[in-house]
Undergrad: 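First, the structure itself, so that you have it in front of you.
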Number of protein chains: 2
Amino acid sequence: MNPDDHIIADIRQFNRFYTNILGLLDKHVLNTGYSFTEARVILEIGFLEQCIANQLVDKLDIDRSYMSRIIAKLSKDGLLSKENSALDSRTSLIRLTPEGTAFFNRLNEKSDEQIVRLLQGLSQQEIKELHTSMLLIQKKLEKPEGI
Amino acid sequence: MNPDDHIIADIRQFNRFYTNILGLLDKHVLNTGYSFTEARVILEIGFLEQCIANQLVDKLDIDRSYMSRIIAKLSKDGLLSKENSALDSRTSLIRLTPEGTAFFNRLNEKSDEQIVRLLQGLSQQEIKELHTSMLLIQKKLEKPEGI
DNA sequence: ATTATTTGTTGACAAAGTCCACTAAATAAT
DNA sequence: ATTATTTAGTGGACTTTGTCAACAAATAAT
């Protein structure tokens, strides 16, 4: 169809390839006792520091009811706390507890280790090239604004 | 930990970013009546042209019993055929039927369109850079041999 | 004030994936 | 050759993951 059919084929090939890479990297999470989705929620709360359930729903694109249950579970497990919001009493302010933060940190460390492992065997020069390539891809593909 | 902490952070950022990209690209599959996993199976059979179940299990890292059920479903739906292997009568040779191939082609077309859409707004030069970057990443990260 | 919308929760399901045991065939070991 | 061992596939039973619809309470819009 297009003049650059082989480019499209290569990009799709890259996407398949990188799906695998990401899959490998994500697997380590599963040794933590939490699912990938639960881990995403914990990470997001960690990054946001404080939030309400609906923010997580929007940001992570997870069903409201499902999110409600995940939060209930994590709360029961003592990883996060809910405090009634004064501004809007339908909502609760969600934060990581110290245990939650510890978990968050462990998760981050493990993720970093995974990356180190991924880069194993590459020279500094090669890592630099890789890095540059990733930045370029991200820059080119990120839309200026929401879709 | 490492001298290149910010590189690790950037790579993780890229991974999160690209997870989203892939998620967007994959969504279109869900309008086909088949799940993402089922689509992967169909695509893989299409690429291999002929295979046995176990190859798919290994290549796609899907549980044997689950694969068995997926194949049964796709077979029932008329997308693929199973023929007893003469060489190893434990196995069946799996191929796409004409309907399966049609589905495969549609899937491929849709995937190509998705890529075109992704590249929308980029100049030829930018696309070329993107392409080069992807090839580099793939080259650097693909292990010479199985793990 | 009344209506509409938003936020979160619950019950009931459906879809996706896993674990285990089993059969039958193919290979390896003796 | 006969007996293990391994491999390929299947089916039952199950867990996990995710969805949908209905609901109450609070807030926002008219």
Side-chain angles (χ1 to χ4, degrees), chain A residues 19-20 22-24 26-45 48 50-77 79-95, chain B residues 19 22-23 26-27 29-45 48 50-77 79-95 146:
Chain A
T19 297
N20 277 333
L22 292 172
L24 292 178
D26 289 342
K27 268 195 181 149
H28 76 93
V29 171
L30 304 177
N31 301 326
T32 63
Y34 288 97
S35 73
F36 181 55
T37 303
E38 288 163 340
R40 281 172 75 211
V41 172
I42 294 168
L43 282 173
E44 194 60 37
I45 299 172
L48 294 177
Q50 185 188 75
C51 61
I52 69 172
N54 219 40
Q55 282 179 275
L56 299 172
V57 164
D58 289 342
K59 203 135 189 180
L60 303 179
D61 197 28
I62 294 173
D63 180 82
R64 286 221 315 284
S65 67
Y66 191 25
M67 183 62 77
S68 175
R69 280 177 246 258
I70 290 174
I71 289 172
K73 178 182 175 185
L74 297 177
S75 178
K76 179 165 150 284
D77 289 359
L79 297 189
L80 57 84
S81 68
K82 294 169 70 177
E83 180 198 332
N84 289 337
S85 163
L87 289 88
D88 184 342
S89 49
R90 290 169 303 183
T91 67
S92 306
L93 297 179
I94 297 167
R95 285 184 203 76
Chain B
T19 297
L22 292 172
D26 289 341
K27 268 194 181 147
V29 170
L30 304 178
N31 301 326
T32 62
Y34 288 98
S35 74
F36 180 54
T37 302
E38 287 162 342
R40 281 172 75 211
V41 171
I42 294 168
L43 281 173
E44 196 60 36
I45 298 172
L48 294 177
Q50 184 188 76
C51 61
I52 67 171
N54 218 40
Q55 281 179 276
L56 299 172
V57 164
D58 289 341
K59 202 135 188 180
L60 303 179
D61 197 27
I62 293 173
D63 179 83
R64 286 221 315 284
S65 66
Y66 190 25
M67 182 63 77
S68 174
R69 280 175 247 259
I70 290 174
I71 289 173
K73 177 182 175 187
L74 296 178
S75 178
K76 180 166 149 284
D77 289 359
L79 297 189
L80 57 84
S81 67
K82 293 169 70 175
E83 179 199 333
N84 289 338
S85 164
L87 288 89
D88 184 341
S89 50
R90 292 169 302 181
T91 67
S92 306
L93 298 180
I94 298 168
R95 283 183 204 76

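Basis for what follows: all heavy atoms, side chains included, without hydrogens, waters or symmetry-related copies.
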Undergrad: Heavy-atom nearest nucleotide on DNA chain D for Ile62(A) versus Ser89(A): which residue maps closer to 5'?
TA: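 Closer to the 5' end of DNA chain D: Ile62(A).
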
Undergrad: Applying side-chain contact (heavy atoms from CB on, under 4.5 Å), run through Tyr34(B) and Leu74(B) and close with a yes or a no.
TA: CA-CA 10 Å; Tyr34(B) 288 98; Leu74(B) 296 178; 3.5 Å; yes

Undergrad: Please name all residues satisfying side chain to side chain donor-acceptor pair (under 3.5 Å) with Asp63(A), sequence neighbours left out, ordered by chain then number.
TA: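 Only Ser65(A) meet the side chain to side chain donor-acceptor pair (under 3.5 Å) criterion with Asp63(A).
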
Undergrad: Suppose we screen for side chain to side chain donor-acceptor pair (under 3.5 Å). Which residues come up paired with Lys82(A), at least two apart in sequence or across chains?
TA: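 Testing Lys82(A) for side chain to side chain donor-acceptor pair (under 3.5 Å), a comparison that skips the adjacent residues, returns none.
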
Undergrad: Could you tell me the boundaries of the chain A footprint on DNA chain D, defined by atoms under 4.0 Å from its heavy atoms?
TA: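 The footprint of chain A covers dT17(D) to dT27(D).
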
Undergrad: At under 4.0 Å between heavy atoms, how does the protein contact nucleotides 5-15 of chain C? Give one character per nucleotide, 5' to 3', with B, S or -.
TA: -BBBBBBB---

Undergrad: Note the angle between the end axes of the helix from dA1(C)-dT30(D) to dT30(C)-dA1(D), five pairs defining each, rounded to 10 degrees.
TA: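 Between the axes fitted at each end of the helix from dA1(C)-dT30(D) to dT30(C)-dA1(D) lies an angle of 30°.
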
Undergrad: Under the rule for salt bridge (charged side-chain N to carboxylate O under 4.0 Å, His left out), what residues qualify as partners of Arg69(A), not counting sequence neighbours?
TA: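 With neighbours one apart ignored, the set is empty.
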
Undergrad: According to the salt bridge (charged side-chain N to carboxylate O under 4.0 Å, His left out) rule, which pairs have a member within residues 26-35 of chain A, sequence neighbours left out?
TA: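 Qualifying pairs, neighbours excluded: Lys27(A)-Asp61(B).
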
Undergrad: Just jot down the side chain to side chain contact (heavy atoms under 4.5 Å, CB included) partners of Leu48(A), sequence neighbours excluded, or say none.
TA: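 Scan of Leu48(A) (side chain to side chain contact (heavy atoms under 4.5 Å, CB included), adjacent residues dropped) gives Glu44(A), Cys51(A), Leu56(A), Lys59(A).
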
Undergrad: Please name all residues satisfying side chain to side chain donor-acceptor pair (under 3.5 Å) with Arg64(A), sequence neighbours left out, ordered by chain then number.
TA: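 Applying side chain to side chain donor-acceptor pair (under 3.5 Å) to Arg64(A) gives none.
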
Undergrad: Among all residues two or more places apart in sequence or in another chain, which pass the salt bridge (charged side-chain N to carboxylate O under 4.0 Å, His left out) test with Arg40(A)?
TA: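 Here no residue qualifies.
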
Undergrad: Can you tell me how far C1' of dA16(C) sits from CZ of Phe36(B), to the nearest Å?
TA: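 Answer to the nearest Å: 13 Å.
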
Undergrad: Going by side chain to side chain contact (heavy atoms under 4.5 Å, CB included), name the residues that satisfy it together with Asn20(A), two or more places apart in sequence or in a different chain.
TA: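 Not a single residue meets the side chain to side chain contact (heavy atoms under 4.5 Å, CB included) criterion with Asn20(A).
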
Undergrad: Of all residues at least two apart in sequence or in a different chain, which pass the side chain to side chain donor-acceptor pair (under 3.5 Å) check with Ser35(B)?
TA: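 Expected list: Glu38(B).
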
